[in-house]
Every structure is written in C-alpha cells, then in structure tokens.
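Okay, structure first, notes after.
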Number of protein chains: 2
Amino acid sequence: MTGKRPTSFDIAALAGVSQATVSRALSQGGVVSEAVRQRVVDAAAQLNYTVDVNARKLRSKKINTIAVLISEDMDKTDSPINPFFMPMIGSILKYAGSKGYDVLVSLQKQSDNWGSDYGHARRADGIIFLGYNDYDTYTKKVAVLGEMGEPWVLWGPVIPEHPNLVIGSDNEGGAYSAVKHLIGLGRRRIAFLGEPSASHLEYKERFEGYVRALTEAGITPDPELMIDCFISREDGVAAIERLMSQGVAFDAVFAVADLLAVGAIQQLLRAGRSVPKDVSVMGFDDLWVCTCTSPMLSTVRQDTTEAAHVLVDALDVLISGHPVELKRIPTQLIIRESCGG
Amino acid sequence: MTGKRPTSFDIAALAGVSQATVSRALSQGGVVSEAVRQRVVDAAAQLNYTVDVNARKLRSKKINTIAVLISEDMDKTDSPINPFFMPMIGSILKYAGSKGYDVLVSLQKQSDNWGSDYGHARRADGIIFLGYNDYDTYTKKVAVLGEMGEPWVLWGPVIPEHPNLVIGSDNEGGAYSAVKHLIGLGRRRIAFLGEPSASHLEYKERFEGYVRALTEAGITPDPELMIDCFISREDGVAAIERLMSQGVAFDAVFAVADLLAVGAIQQLLRAGRSVPKDVSVMGFDDLWVCTCTSPMLSTVRQDTTEAAHVLVDALDVLISGHPVELKRIPTQLIIRESCGG
DNA sequence: CTGAAAGCGCTTACAG
DNA sequence: CTGAAAGCGCTTACAG
C-alpha cells in the first residue's frame, strides 16, 4: 500500500553522491564530510527516507533487538501476565529503547520449545526471561541456549550453583527484615503464607528469611502457622479462613506475595478482625495495588526499575561478548498502614 | 558468539537438493513433494537451522510484525504504563502471536515524532496505538501515517467525524447503565468524578451517559456534585475531601475511572462513612484492583480481551489492503460490594 | 515438482 | 573523504 519506498540510490541521486556515501552518512560510525552528510540528510528528509532495517540487519549482522519472553500465567484468567512484571516490562521497554534496542515481547507457555527461536532466527541479539520461576523447568531450557552461545538473562532466584546470568531480589534478606519488623511491633504469632512447591526457590528463600527472624528473636517457628498457598488473592482469603476455622491464634501475617496479603486483609476484615490493631499484615513485591487497599499494605519492595536496568545492562554486556556475574538486588521495607505501631 | 550459523545452502547440500527447494520446503506456500520436504526438514533439524528472518523479510517484503506504540504516562512515577492497558497488551501479544505476528512494543512520549518510523523503516506492517487519548495531539500524528499509507488502529473514543480506524468502548452507554443502576438503588445525589480536559473525549462521553441517566430519572444534574480530577487514586481521595469540606451532600459516587473510585473509597472510609451503606461507589474500567478493595468495587467493565482481538483483526485486515470500519465495543456492568442493595 | 538465476536494500572492505 | 563492487541469506519468477 505504501507505493514505492525510496532507497539509498534515490537519495544518492538527489544528493549527487554515491549510494555508499548515503549509507555512510546515515549510519553511526560512517566517515563523511560534514557538508556531504548535510546534503544527504536533507535529501533523505525531502524524500521521506528511512533506512530499511531488514536490509541493514541482514548486511551488517547487527540486529539491535532484544526479545523479552514472558512465561504465560495459566492461573490467572483476567490477564495472562503476572502483575508483578508489568512495571518491570515497562521499565525494560523504556530503558532498552533508550539504549537503541528494539524490543520484541512474546508470551510463552512454559512447556513450549520456544526461546531458542528468537536468537537463532536472528530476530534478537539476546533474550530476557521473565516469570520462569519453576527451577526444574527452566534450567533445561536455558541450557540449550547456553550451548548455542545465545546471550540471555533470567529474573529469578539467585543461587550460586545456578548456571550464571540470573538476576533477582534479595529474597531472604527482604523477608527477614519484614518479619523482624513485625516482631519489633510485639507480634509473636506470625503466620506464613507461601508457595509450597520446592522448585519455586524464590519463595523458599523468603521462607528462610522468616525462619531466621523468628529464630533470632527466640521464637520457635510453629508449623500450624504455615499455610501452603498458590500466589493469588483467593488463596490469601482461603488461608485466613483456614487459620480461623482451625482456631489457630495469630497476631500477624507475612505473605510471600502481595496478592496473598490483599486477600488476607479482605478476609480478616470480613471476619471482624481489625487490621492492624488485631492483626498486622505484611506482603512482598510492592505491587501497585498496595496503596489501594484499606488499610494500605506494608510490604517488601522489589525494585522493578532497578531490575529492568540491571537485566538490560547485563544482556548488553553479554551481547558484546563479555562475561557477567549473577546479581542480587536489594529489597526495601515499605511500611504502610497494615502493620500498625 | 554464535559461531557459523548454517544457511539454506548447507541444508541443501545435506538434503541433496537445491537451495531454492530448501526455501520452498520451509515456507508456507512452497510446492514440494512430501518426500523432499521431509528430507529438508530433517536436515534442518540436524543442523539446528532456522530461516533468517531478516533475509526473508528483505526478500519477500513481508514483515509479519506489528508494532504496539504506547503513550508514556507522565503522571505516574511507579510505572510508565497505564494499568488499564496492561491486560490489553497481554492479550494483544497472545492473539497477535497466535496469528503469526511478531510484536514490537515501544513506549513513546506523546510529543515525539515517532510512529511513522516503525512502518516506514519496514520494521512493522502496521501499528496499534494505545493510550493516545488526547484528541488534539494524536489526530495530527495519525494523519501523517494515513498519507503514507501505513496501516494503523487506535484505541480511543469512537466518534463518527474521526478519521477511520479508531476502536473503543461504548463509553456513553456504559456510564449510563452504571448511573441508572445507582438511581435504581435509590441514590439521588450522585457525585461525578472526572477528567476536565475537553480533549479527552472518552471521559466526555462518560459524562454524557451520567447526564442522560440523571435526566431520564427526572434528576437535574447539580454542578456542585461534579468534581474535576485527573485520573489517579490521589485525585479520587482529593475529590472526596473537597466534597466533604464543602459540605456537599451526596449518597453515591460515579468515577470515570477505577483509580478515582479506589481513592474515593479509601477517603470515605477514613472519614467514617460506610461504603456502600452511606455512599455507593461505582468505577469504570474493571481494573484488576477492583477485587482487591474492601468493599470490592463495582464498575463498568471494558472488555480488554475483546478489544485486543478487534484491534489485531482490524489491523490484519488493513494490512491486507481492505477497509475497516470504526467499532464500538460493548461494556458490561459489574456489580460488587461497593454499591449496596 | 525442481533448479539456475536474479535481486531485495543495504554495509563494508578495497582502492584511490 | 569518496566510489565501485561484492555479498548478507533468502524468495520467486522463469524454465524445464
């Protein structure tokens, strides 16, 4: 529909130079006299010309594109993307864009044999994986990429034994500081709401922080207070229902994810308990929803902006052929109304 | 870093056919005998070969890529993307992917002279614009694309005078049904929280629905009940503060966006009013946060999944050179706890 | 159904 | 600093 797009030859003719010179004038490192460059730029503007990126990529073998592959969230019906990743994706788009990368975004089922495709077909120079937190599944996948020499980084649990290039939050430390804060408030019976599967290492790390804080305060972790849940608001509601129906006494809730904490607050209020007077509630993530509840939710913030920068920078380094170390990003305790004083 | 990628010539040699046949065997409409195709596919698998998408795009002139251009939200500090678009983007990724499109996503400032770039540089066959709801700004921009013959669709207010290809919700009808519902509950003093700028036509349409429902019920719209706000939780809080400090009596709130309604609920509770007993609250959008408040927020749902499908389908039709009509997607009234009975 | 050949629009040594 | 030429890896008429 576009009619005839002008090519570099058209610009060359109009500017009275060779096609090669047009190419030089319009690319980053091209050596041309300033006068000629100006003529070319004017001619390009006049004909509404832009470099054909596909020809450039083919010829130069530089793609300047990164792929963001997001694990499709099968639990959620409303949106296929985990809300935690939303601002992170936004920041990745913004930051990668500022570094001159185009960004391909794709949703993938964890089961598919995706991934290799993107780099392999020369669509992207490197891949950022988001939401692949099931250790058993993803390790095999990225191993393939490693063999192919495809640069990739993954957001997830940072563990030393892990094959390089994983970037994530200080989950244990974040959980520790949160629970320590609750203890400082005088809470002793702190319920733990979390993911049961042993392959979700991030949640396991948060559990370890919980245990450390309790132990340090001389409190013996009580299995009755530990509720296995998947990560959803509904599971948070159910967890509180279960604790109360079993008659388990508790004066605080630490949830491994804000979604759980949101559900917990709702169910506590519904049951006539006051938050934070009767029960303090603490989440993890600092989703945007934390400021929308009444009372507003205290939480452990994962810095998604910083995460995006670190991920893109690491991939950038990897693409240029240098090694990168795995990195743990500090969390920050955010105290709002749901904790009380 | 990847070493030598195999080309179609390598596959040809291995399979004992010509390079052209490899190309045919591996492309959609290629005519080849089944036996040969199998040999080629096997050879490709053996060498871990995938078609170089850049060469394919250059040669075939088919890009099979759509660009999603999102207006960067300057108001928000936490995330640069309006939360309303999050699930829509997810659905677009999913649906466009299922149709065989790659999806480039980019954040743009409304002021930039972006956009034309994407189609023009042969990066994308067409463009989906999200969040460009300032009528005055975007009309000029898309006009340029129109002249260039670049396919595009825009999510926004659907108005007959508008240059084609805009897809949006039935804003007037949605607001009408919401306010009518409040009136049916016995509410008479219904505050309107909305965006003041006349160029934000979607909000204007919702205002018109509000007025129509009131008028139809014989209630004269009262300017005292109409509060100008930008679209944020904070503005929702401020709006309620203002109404109460001015001593304006009201028994319901209709907000043009859930964000406002969330803030309204928070401030009403803080001021000791009961929701919904004293005041019914109704939002618009059906953001995911609606189920996270206490009480849960009633709202007018915009169907983001349907929207994504309609946008992608329309762009698809446009790309193939056929015309498309502007379309209005029905909204749905979602009654939750914040309305009362 | 298959092969030989041309060419998509660029970038980049190689000369000058 | 600039030009002529080769070639990136494919697709697609054109023959057969």
Side-chain angles (χ1 to χ4, degrees), chain A residues 2-41 43-44 47-65 102 117 119-125, chain B residues 2-41 43-44 47-65 102 117 119-125:
Chain A
T2 324
K4 275 265 102 29
R5 255 167 60 80
T7 72
S8 50
F9 284 94
D10 299 319
I11 309 305
L14 183 60
V17 295
S18 73
Q19 179 271 336
T21 297
V22 172
S23 174
R24 289 197 191 92
L26 264 27
S27 62
Q28 285 299 331
V31 218
V32 253
S33 69
E34 194 43 42
V36 170
R37 159 165 282 132
Q38 200 47 248
R39 278 225 307 288
V40 171
V41 168
L47 296 190
N48 212 345
Y49 170 80
T50 41
V51 175
D52 184 311
V53 292
N54 299 306
R56 168 176 280 173
K57 287 176 183 172
L58 171 59
R59 183 58 244 233
S60 69
K61 318 215 120 219
K62 284 177 207 131
I63 319 277
N64 251 267
T65 301
D102 275 348
D117 276 16
H120 201 206
R122 305 305 299 149
R123 277 198 277 229
D125 298 299
Chain B
T2 324
K4 276 266 101 27
R5 257 169 57 81
T7 72
S8 50
F9 285 92
D10 299 319
I11 309 306
L14 183 60
V17 296
S18 73
Q19 179 272 336
T21 297
V22 171
S23 174
R24 288 197 191 92
L26 263 29
S27 62
Q28 284 299 332
V31 221
V32 253
S33 68
E34 195 42 43
V36 169
R37 158 166 284 131
Q38 201 46 249
R39 279 226 306 289
V40 171
V41 168
L47 297 190
N48 213 344
Y49 170 80
T50 41
V51 175
D52 184 311
V53 293
N54 299 306
R56 167 177 280 174
K57 286 176 184 174
L58 172 59
R59 183 58 243 233
S60 69
K61 319 213 119 217
K62 284 177 207 131
I63 319 278
N64 251 269
T65 301
D102 275 348
D117 276 17
H120 201 206
R122 306 304 299 149
R123 276 198 277 231
D125 299 299

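All values below were derived from every heavy atom in this structure, side-chain atoms included, with hydrogens, water molecules and symmetry-related copies excluded. Here is the naming used below: chain letters follow the sequence lines, and residue numbers restart at 1 for every chain.
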Determine the contact category for [X]: base if any of its heavy atoms lies under 4.0 Å from a base atom, sugar-phosphate if only primed atoms, P, OP1 or OP2 are that close, otherwise nothing.
X: A/S23; answer: base
X: A/V17; answer: sugar-phosphate
X: B/V36; answer: sugar-phosphate
X: B/K57; answer: nothing
X: A/V32; answer: sugar-phosphate

task = Test A/R24 against A/V36 for side chain to side chain contact (heavy atoms under 4.5 Å, CB included), laying out the working first.
result = CA-CA 10 Å; A/R24 289 197 191 92; A/V36 170; over 6 Å; no
In whole angstrom, give the distance that lies between atom [atom1] of [X] and atom [atom2] of [N].
X: B/R56; N: C/dG9; atom1: CZ; atom2: C1'; result: 18 Å
X: B/F9; N: C/dG3; atom1: CZ; atom2: P; result: 12 Å
X: A/R123; N: D/dG9; atom1: CZ; atom2: P; result: 17 Å
X: A/Q28; N: C/dC10; atom1: CD; atom2: C1'; result: 16 Å
X: B/Q38; N: C/dT2; atom1: CD; atom2: C1'; result: 18 Å
X: B/Q19; N: D/dT11; atom1: CD; atom2: P; result: 8 Å
X: B/R5; N: D/dG7; atom1: CZ; atom2: P; result: 20 Å
X: A/D52; N: C/dC8; atom1: CG; atom2: P; result: 12 Å

Identify which nucleotide among [options] has an atom closest to any side-chain atom of [X], counting heavy atoms from C-beta outward.
X: A/R59; options: C/dC10, D/dT12, D/dA5; result: C/dC10
X: A/K62; options: C/dA5, C/dG9, C/dT12; result: C/dT12
X: B/S33; options: C/dG9, D/dG9, C/dC1; result: C/dC1
X: B/V51; options: D/dC1, D/dC10, C/dG3; result: D/dC10
X: B/R24; options: D/dT2, D/dG9, C/dA4; result: C/dA4

Taking 4.0 Å as the cut-off, does a side-chain nitrogen or oxygen of [X] come that near to OP1 or OP2 on [N]?
X: B/S18; N: C/dG3; value: yes
X: B/K61; N: C/dG9; value: yes
X: B/S8; N: D/dC10; value: yes

key: Gap in Å between the two C1' atoms, one belonging to D/dG16 and one to D/dT12, rounded   =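 Nearest-Å result for D/dG16 against D/dT12 at atom C1': 16 Å.
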inquiry  = Say we look at D/dC14 and D/dC10: how far apart would their P atoms be, to the nearest angstrom?
reply    =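 Nearest-Å result for D/dC14 against D/dC10 at atom P: 24 Å.
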message = I need the single residue from A/D52, A/V22, A/V40, A/V51 that forms a side chain to side chain contact (heavy atoms under 4.5 Å, CB included) with A/S8. Which is it?
response =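 Exactly one pass, corresponding to A/V22.
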ask   = Considering heavy-atom distances to DNA chain C, does B/A55 or A/T21 have its closest nucleotide positioned more toward the 5' end?
value =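 Going by which nucleotide is closer to the 5' end, it is B/A55.
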Residue met sooner reading DNA chain C from 5', once A/L58 and B/A20 are mapped to nucleotides =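 First, find each residue's nearest nucleotide; the 5'-ward one identifies B/A20.
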request  = Determine the minimum heavy-atom distance between B/Y49 and B/L26, stating which atoms define it.
outcome  =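 Nearest heavy atoms, B/Y49 then B/L26: CE2-CD2, 3.5 Å.
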Nearest heavy-atom neighbours spanning A/A15 and A/A43 =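 A/A15 and A/A43 have their closest heavy atoms at CB-CB, 4.0 Å.
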message = For C/dA13, give the paired nucleotide (Watson-Crick: N1-N3 plus N6-O4 or O6-N4; G-U: N1-O2 and O6-N3; both under 3.5 Å), or none.
response =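 WC or wobble partner does not exist here.
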key: Distance, nearest 0.5 Å, that separates CG of B/L58 from CG of A/N54   =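 CG of A/N54 is found 6.5 Å from CG of B/L58.
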ask   = Can B/D10 and B/T7 be said to form a side chain to side chain contact (heavy atoms under 4.5 Å, CB included), step by step?
value = CA-CA 5 Å; B/D10 299 319; B/T7 72; 3.7 Å; yes
